[in-house]
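Below is one structure; the comments refer to it alone.
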There are 2 protein chains.
Amino acid sequence: METYLELEPLTTSQCNNKLNAVGDALYVIGGKWKLRIIIALKEGHSRFNELQRTIPGISAKVLSQELKDLELNGFLERRVHADTPVVVEYLPTAYTATLKNVLEALSEWGEMHRQKLREEGNK
Amino acid sequence: METYLELEPLTTSQCNNKLNAVGDALYVIGGKWKLRIIIALKEGHSRFNELQRTIPGISAKVLSQELKDLELNGFLERRVHADTPVVVEYLPTAYTATLKNVLEALSEWGEMHRQKLREEGNK
DNA sequence: CAGTATCCTACCAGATACTG
DNA sequence: CAGTATCTGGTAGGATACTG
């Protein structure tokens, strides 16, 4: 028999820290595009227009802004080769590896939730 | 030596399924308030105004809408006691337990990320 | 208490055009 | 190619007031 979320009892301040941590995480990787971009980078897509083609529905403006955010948060490195024409590469950093557990947990849960919805649809 | 996200090689369609699953998950539990509300419910806060007091910054309108979403997605049960005055309780369902891994992963990652930002701030 | 209704605004993001 | 600039409609959500 488990309690619902089975977090150990916490003091209020410990609990708030946990909550804030979850909030921070969602702030950084939440939203419509962040994780999709991270995964696209990880798959080896590194050029701006390539990323835009890979990620359906994203506009240049939004992609540009999201890439800046991701760079600020240390998820990618923007590397400019000063050739003609100029070539810019976006490369995932080792820091993206730290998202492994988060991505796995979200992916698993998402699939399970999908399955549940499918079953309810069949009722 | 690990690849960055260490997902096993996938076919394109398998990969897209994973991606969609992550997207689904973020759609359902993403956003500013969803997880905070779920955790507040899990802590035993069950009344509307109590929840609003517990969750700093949320308005009645937004709380109302989010509670409806969460009910639709099976995370809570809305129980009305037809007394005078009327008492309404929002209770987490067993389904919230399935978020355990997600919450733990997000919480851990969020704390780690905070620590990293703190260190960078000290440079 | 448990919400709804209304107004209002700021931001989000799509479309399009443009630049070096 | 790798973006930025501008315009613009839609909407999320805050403030406030109100209802049964």
Side-chain angles (χ1 to χ4, degrees), chain A residues 19 22-23 26-38 40-73 75-93, chain B residues 19 23-73 75-93:
Chain A
L19 268 180
V22 171
L26 282 183
Y27 186 77
V28 174
I29 62 170
K32 199 171 173 182
W33 304 111
K34 293 276 193 312
L35 285 179
R36 288 190 176 266
I37 296 171
I38 286 173
L41 288 170
K42 186 254 159 200
E43 283 173 338
H45 305 288
S46 62
R47 309 287 294 279
F48 189 90
N49 286 340
E50 189 186 358
L51 288 167
Q52 201 183 351
R53 260 178 279 117
T54 304
I55 302 165
I58 197 165
S59 70
K61 186 175 68 174
V62 172
L63 178 57
S64 171
Q65 185 53 56
E66 298 277 302
L67 287 171
K68 280 176 192 162
D69 283 2
L70 290 172
E71 189 183 9
L72 271 175
N73 281 296
F75 290 115
L76 66 82
E77 183 191 351
R78 185 175 185 275
R79 199 172 287 175
V80 181
H81 308 270
D83 304 321
T84 313
V86 64
V87 169
V88 181
E89 280 190 311
Y90 295 92
L91 301 168
T93 64
Chain B
L19 268 180
D24 287 1
L26 281 183
Y27 186 77
V28 174
I29 61 168
K32 199 171 172 183
W33 304 111
K34 292 277 193 310
L35 285 180
R36 288 188 177 265
I37 296 170
I38 286 172
I39 296 173
L41 288 170
K42 184 255 160 201
E43 284 173 338
H45 305 287
S46 62
R47 309 287 294 278
F48 189 90
N49 286 340
E50 189 187 358
L51 287 167
Q52 199 182 352
R53 258 177 281 117
T54 304
I55 302 165
I58 197 166
S59 70
K61 186 174 70 174
V62 172
L63 178 56
S64 171
Q65 185 53 54
E66 297 278 300
L67 288 172
K68 280 175 192 163
D69 283 1
L70 290 173
E71 189 184 9
L72 270 175
N73 281 296
F75 290 116
L76 65 82
E77 183 191 352
R78 185 175 185 274
R79 199 172 286 176
V80 182
H81 308 270
D83 304 319
T84 313
V86 65
V87 170
V88 180
E89 279 190 312
Y90 295 92
L91 301 168
T93 64

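Naming: A, B, ... by sequence-line order, numbering from 1 per chain. Values reported hereafter were calculated over all heavy atoms of this structure, with side chains retained and with hydrogens, waters and symmetry mates removed.
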With side chains defined as the heavy atoms from C-beta onward, is the minimum distance between [X] and [Y] less than 4.5 Å?
X: A:K68; Y: A:L72; value: no
X: B:I39; Y: B:R36; value: no
X: B:L63; Y: B:F48; value: yes
X: A:R47; Y: A:V87; value: yes

What nitrogen or oxygen pairs link the protein and nucleotides 13-17 of chain C at under 3.5 Å?
from   : atom 1 : to    : atom 2 : distance (Å)
C:dA13 : N7     : A:K61 : NZ     : 3.1
C:dG14 : O6     : A:K61 : NZ     : 2.2

What is the separation between atom [atom1] on [X] and atom [atom2] on [N], rounded to the nearest whole Å?
X: B:E71; N: C:dG3; atom1: CD; atom2: P; answer: 10 Å
X: A:L63; N: D:dG3; atom1: CG; atom2: P; answer: 8 Å
X: A:N49; N: D:dG3; atom1: CG; atom2: P; answer: 9 Å
X: A:L51; N: D:dA2; atom1: CG; atom2: C1'; answer: 12 Å
X: B:Q52; N: D:dA15; atom1: CD; atom2: P; answer: 11 Å
X: B:D69; N: D:dG13; atom1: CG; atom2: C1'; answer: 14 Å

OP1 or OP2 of [N] less than 4.0 angstrom from a side-chain nitrogen or oxygen of [X], does that happen here?
X: B:R79; N: C:dA2; result: no
X: A:Y90; N: D:dG3; result: yes
X: B:R78; N: C:dG3; result: yes
X: A:R47; N: D:dC1; result: no

5'-most by nearest nucleotide on DNA chain C - B:R53 or B:S64: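 Its nearest nucleotide being more 5', the pick is B:R53.
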Secondary structure of DNA chain D in dot-bracket form (Watson-Crick or G-U wobble, distances below 3.5 Å, | marking inter-strand pairs): ||||||||||||||||||||
Stepwise side chain to side chain contact (heavy atoms under 4.5 Å, CB included) test for B:L76 and B:I38: CA-CA 8 Å; B:L76 65 82; B:I38 286 172; over 6 Å; no
For a quick test of your reading: what N or O donor-acceptor pairs under 3.5 Å do the side chains of residues 25-35 of chain B make, sequence neighbours left out?
from  : atom 1 : to    : atom 2 : distance (Å)
B:K34 : NZ     : B:E66 : OE1    : 3.2
B:K34 : NZ     : B:E66 : OE2    : 3.3

Nearest to side-chain heavy atoms of B:V88, which nucleotide of C:dA2, D:dT4, D:dA2: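 Out of C:dA2, D:dT4, D:dA2, the nucleotide with an atom closest to B:V88's side chain is C:dA2.
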Test side chain to side chain contact (heavy atoms under 4.5 Å, CB included) applied to A:L67 and A:E71, step by step: CA-CA 6 Å; A:L67 287 171; A:E71 189 183 9; over 6 Å; no
